[in-house]
Amino acid sequence: MARYNSKEVEDKWQRRWAADGAFAVQADPSRPKYYVLEMFPYPSGRIHMGHVRNYTLGDVVARYKRARGFNVLHPMGWDAFGLPAENAAQEKKVHPAAWTYDNIATMRAELKRMGLSLDWDREIATCHPDYYRHQQKLFLDLHKAGLAYRKESAVNWDPVDMTVLANEQVIDGRGWRSGALVEKRLLSQWFFKITHFADDLLQALEGLDRWPERVRLMQQNWIGRSEGARLAFDVVGSDEKIEIFTTRPDTLFGASFLAVSPDHPFAAARAAGDAALAEFIAECKRTGTAEAELATAEKKGYDTGARVAHPFVDGHTLPVYVANFVLMDYGSGAIFGCPAHDQRDLDFARKYGLPVLPVVTGPNAPAEIGDVAYDEDGPATRIVNSGFLDGLDVPAAKKAAIARIKADGRGEGTVNFRLRDWGVSRQRYWGCPIPMIHCDHCGVVPVPEDQLPVLLPDDVTFDRPGNPLDHHPTWKHVECPQCGAKARRETDTCDTFVDSSWYFARYCSPRADTPLVRDEVDYWMSVDQYIGGIEHAILHLLYARFFTRALQTCGYLKVAEPFAGLFTQGMVCHETFRGADGRWLTPEEVERRADGSWHELAGGQPVTVGRVEKMSKSKKNVVDPGRIIDQYGADTARWFMLSDSPPDRDMEWTEAGVQGAWRFTQRLWRLADEPRDPLAEKGSALPEGGADDADALALRRETHKTIAAISRDLDAFTFNKAVARIHELANSIEDCRSVTPAAAFARREAIEVATRLIAPMMPHLAEEMWQRLGHDTVLVDMPWPEADPALTREDSVTIAVQVGGKLRATLEVARDMDAKALEALALADEAVVRVIAGRPVRKVVVVPNRIVNVVV
RNA sequence: GCAGGCAUGGCGGAAUCGGUAGACGCAGCGGACUUAAAAUCCGUUUUCCGUAAGGAAGUGGGGGUUCGAGUCCCCCUGCCUGCACCA
């Protein structure tokens with residue numbers, strides 16, 4: 001017996017597929033298309049198990065849809081701009097471009113060894129001028145369409161490194177590299193007007209019926225549409241006004257304070273004459289920009305001493321606070337507080353001794369407000385202590401209050417979104433330059449299209465703090481395209497989320513000299529199946545949805561939605577190991593001894609086995625896919641990835657699991673290479689009378705049921721179940737020991753079907769088995785097998801018989817036996833009679849083909 | 001803090017519509033083959049009581065709906081993801 005040599009076999013078929021150009025595709029309007037896309041990788045150095053899982057899932061879909069007759073587009077590329085390249089440049093003195101392209105070369109080779117059915121002719125890298133020049137054109141188009149604009153916004157500023165920090169680079173309020181206290185600073189930056197599409201982005205979620213429900217929910221909450229009112233309060237003793245946004249205008253009579261954001265102009269104005277307030281605002285600015293940080297910070301306020309007039313109660317005034325929990329980016333940056341009916345306001349009021357006046361009552365309302373606000377707002381509620389609103393329910397009171405506000409000319413009902421415009425400016429080198437020029441005379445001037453691309457300069461250094469583009473000696477100095485005067489290039493580059501917001505469309509015509517080609521993109525888009533991590537559920541997916549709408553607005557394509565189908569995969573996890581001194585250890589540094597204890601390979605000290613956690617460099621619980629492929633082959637790695645856990649759940653990578661997959665790989669190979677019992681000749685027909693051969697018929701039934709079941713599993717993304725069914729089919733093949741001609745026929749049929757069914761999952765093994773079975777066709781060109789309905793239908797069913805809900809017997813009966821007959825059979829059953837023990841039968845529930853429940 | 005999700009044997013998981021809980025695999029145990037090991041093959045494996053036949057309990061915890069709940073509803077606990085400059 002020739003032991004299956006994965007290395008030779010996989011190499012052989014990869015060469016064959018490449019030589020045949022098996023996965024190169026062209027748009028072909030005469031054929032149905034299917035676009036499969038996995039989220040493209042960041043070229044961080046080497047591929048990791050998360051990539052292996054992601055691309056295995058995508059490849060199963062791509063190969064399956066191909067067998068189903070679709071013209072399948074399955075491209076690959078690189079999300080190649082970003083911060084890590086600049087960190088590498090600083091730490092290792094490598095140019096970001098060199099570092100990135102080296103990584104791409106390594107990772108491309110690793111991906112190729114996985115045997116993915118990718119059209120490599122369409123490969124793109126977002127850091128390549130051939131990609132980002134088109135992005136610059138799109139930026140200009142968005143600008144022209146009014147979808148890109150400038151405004152001020154807050155960033156995390158590191159005063160020592162003189163740079164803007166990402167939220168993840170701020171640790172306990174300090175810069176990760178410098179250790180300096182980070183401060184919030186306002187910068188003028190570029191924004192994309194995602195809020196222009198807020199309503200559409202929200203409403204269109206409903207049509208995304210092949211997206212996970214939870215992702216749609218998360219996006220819905222993120223967009224956060226709320227109906228309410230804008231309302232101006234008059235500041236007492238001045239003609240200033242403070243405009244607030246509220247969703248609860250019905251509770252205005254219960255208001256006890258106003259609060260404005262520390263970034264609000266009113267706060268700044270008051271701080272000019274109030275040193276303590278200025279200090280309070282400065283303190284608020286020391287909190288980072290991350291919302292999680294703001295939300296968990298202790299709620300604090302400062303009484304400005306100013307008062308505003310209550311809009312409905314003459315002579316009544318409210319204090320104005322500056323409060324750290326009021327966001328300048330949401331609503332109008334100011335709120336009114338009604339402590340009785342909002343938890344946050346109540347906490348604030350208790351802390352600063354402000355009045356708590358209940359104005360809403362209802363069936364579950366407490367007699368008195370303690371530490372819990374009463375926030376019911378349904379039709380069973382009644383407004384009290386509220387003048388003209390008294391007696392109304394909350395929804396009616398909202399309408400009445402808004403009508404009054406409008407009549408008084410103080411404001412109006414509005415719809416507000418939590419969603420904020422997308423800030424795309426980054427003060428960094430390794431990104432797509434924003435094609436704009438700042439002229440002292442003309443203002444902001446777009447780079448003329450015939451001057452694109454704005455190339456990144458190569459000669460940059462990272463040994464000075466700040467943005468290399470900003471202190472490059474010549475790069476930013478240009479003439480104004482309008483007036484010819486000396487002007488400055490925009491030195492900000494694009495957020496890398498912009499790069500990943502249209503790459504899927506670029507794949508349709510990756511070498512075109514316009515960003516997109518109408519015919520190509522209209523044929524291929526939308527992506528039929530997009531696959532990636534749940535961590536992208538909001539930002540990346542929302543930005544891509546926005547950008548596709550922007551492209552549509554600019555006339556580039558016809559669809560609004562980039563991804564018709566979405567699948568979010570789980571993470572790859574592994575046990576963690578720590579040495580006696582607490583150091584994390586890699587799985588390769590430890591061994592499990594026969595008694596089950598774990599020790600370090602070097603030195604033999606005992607090892608603590610920790611929790612199973614997401615593979616990460618910091619915890620060293622990583623397994624290198626390259627090593628696994630060397631040792632077991634790509635098919636085994638792919639098979640194990642698919643085998644145990646459902647794709648949307650986290651999975652645990654274990655050595656034992658891979659070994660099990662490896663053993664099964666060998667077992668499948670043996671089925672074709674040296675079957676235990678004889679196979680019929682290739683292409684032979686079912687022998688005469690074979691349909692009555694019981695063993696053969698049983699195997700044939702199993703085979704055809706497996707075809708049907710695996711087809712369902714692949715459609716439903718339950719790949720782990722598909723794997724289990726292949727195991728079951730293999731068991732059935734080996735359990736059929738009959739040597740009749742009919743059995744030999746059934747066996748060949750079963751083995752050939754198994755070979756074709758595993759092809760999307762273990763493509764190399766499948767090809768090799770197919771060849772070993774005597775075929776000279778290649779499986780990548782074979783259609784998917786069809787199940788024979790005559791063989792998938794069962795004639796008899798097993799009925800569970802319960803007494804009082806407890807299983808007491810099972811009945812083997814003909815399919816579709818009627819309820820009366822089932823009831824009679826069940827009541828006659830010996831075990832059932834014994835359990836009933838003469839008690840009167842009160843009721844019998846019969847569900848045909850399923851269950852009989854006798855109630856006593 | 002807010003939003004979303006997940007929880008089933010020693011482990012990963014299965015259970016299509018509310019209808020036999022534990023398919024399939026891993027690990028374990030027993031056996032065959034072997035000088036031996038690996039590989040392979042056969043058997044066994046939710047827990048508790050029982051020699052057995054059989055019985056009882058059981059899907060993170062508590063409550064509810066139902067003839068019947070892993071599945072539906074309410075409350076709680078733990079863990080995971082995201083929070084707008086990581087990608």
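In what follows, every chain begins at residue 1, and chains take the letters A, B, ... in the order their sequences are listed.
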Minimum-distance nucleotide (side-chain atoms of A:K806 versus B:G19, B:A84, B:A56): B:A56
Closest nucleotide among B:C42, B:G13, B:C17 to the A:R676 side chain: B:C42
Test log, rule ring pair (Phe, Tyr, Trp, His ring centres under 6.0 Å), inputs A:W78 and A:F40: CA-CA 6 Å; A:W78 309 96; A:F40 65 165; 8.8 Å; no
Pairing nucleotide - B:G1, Watson-Crick or G-U, each distance under 3.5 Å: B:C83
Atom-pair distance (CE on A:M162; P on B:C85), nearest Å: 22 Å
Pairwise C1' distance for B:G10 and B:G5, with rounding to whole Å: 27 Å
Distance between C1' atoms of B:G28 and B:U77 (Å, rounded): 32 Å
Minimum-distance nucleotide (side-chain atoms of A:R418 versus B:C41, B:C86, B:A84): B:A84
Atom-to-atom span, CZ of A:R611 to P of B:C11 - whole angstrom: 16 Å
Length of the CD-P vector between A:E86 and B:C86, whole Å: 13 Å
Salt-bridge present (A:K193, A:D421; N to O < 4.0 Å): no
Base paired to B:C17 (Watson-Crick or G-U; both N/O distances under 3.5 angstrom): none
Minimum-distance nucleotide (side-chain atoms of A:I534 versus B:G19, B:C24, B:U81): B:U81
Base of B:C85 paired with side chain of A:Q189 (donor-acceptor, under 3.5 Å): yes
Euclidean distance, atom CH2 of residue A:W653 to atom P of B:A27 [Å, nearest integer]: 15 Å
C1' gap between B:A57 and B:G25, integer Å: 27 Å
Listed nucleotide nearest any side-chain atom of A:N156, set B:C85, B:C41, B:G12: B:C85
Nearest-angstrom distance, C1' atom, B:A87 to B:G78: 29 Å
B:U65 pairs with, by Watson-Crick or G-U criteria that keep both distances under 3.5 Å: none
Base-pairing assignment for B:G58 (Watson-Crick or G-U wobble, both under 3.5 Å): none
Interatomic distance where CG belongs to A:D158 and C1' belongs to B:C85 [whole Å]: 14 Å
cation_pi(A:R150, A:W190) dist<6.0 Å, angle<=45: yes
Touch class at under 4.0 angstrom, heavy-atom based, for A:G423 against every strand present: sugar-phosphate
Sugar-phosphate only, base, or nothing, as touched by A:V855 at under 4.0 Å among non-hydrogen atoms: sugar-phosphate
Value rounded to 0.5 Å, distance of CG in A:D492 from SG in A:C432: 12.0 Å
Close side-chain approach of A:V658 and A:W653, heavy atoms under 4.5 Å: yes
Separation of B:A87 P from A:N103 CG (nearest whole Å): 15 Å
Cation over ring face, A:K151 and A:F191, 6.0 Å, 45°: yes
No-H, no-angle donor-acceptor pair, A:R428 side chain to B:C85 base, under 3.5 Å: yes
Sugar-phosphate, base or nothing in reach of A:T654, heavy atoms under 4.0 Å: nothing
Sugar-phosphate only, base, or nothing, as touched by A:Q802 at under 4.0 Å among non-hydrogen atoms: base
Between B:G31 and B:G50 - P atom distance, rounded Å: 25 Å
Distance-only donor-acceptor test (3.5 Å): side chain A:Q169, base B:C86: no
Whole-angstrom distance between B:A7 and B:G12, as gauged at atom P: 12 Å
Atom-to-atom span, CG of A:N720 to C1' of B:U16 - whole angstrom: 14 Å
Nearest-angstrom distance from the residue atom NZ of A:K184 to P of B:A84: 12 Å
Salt bridge present between A:K285 and A:D263 (N-O < 4.0 angstrom): yes
Whole-angstrom distance between B:A23 and B:U40, as gauged at atom C1': 24 Å
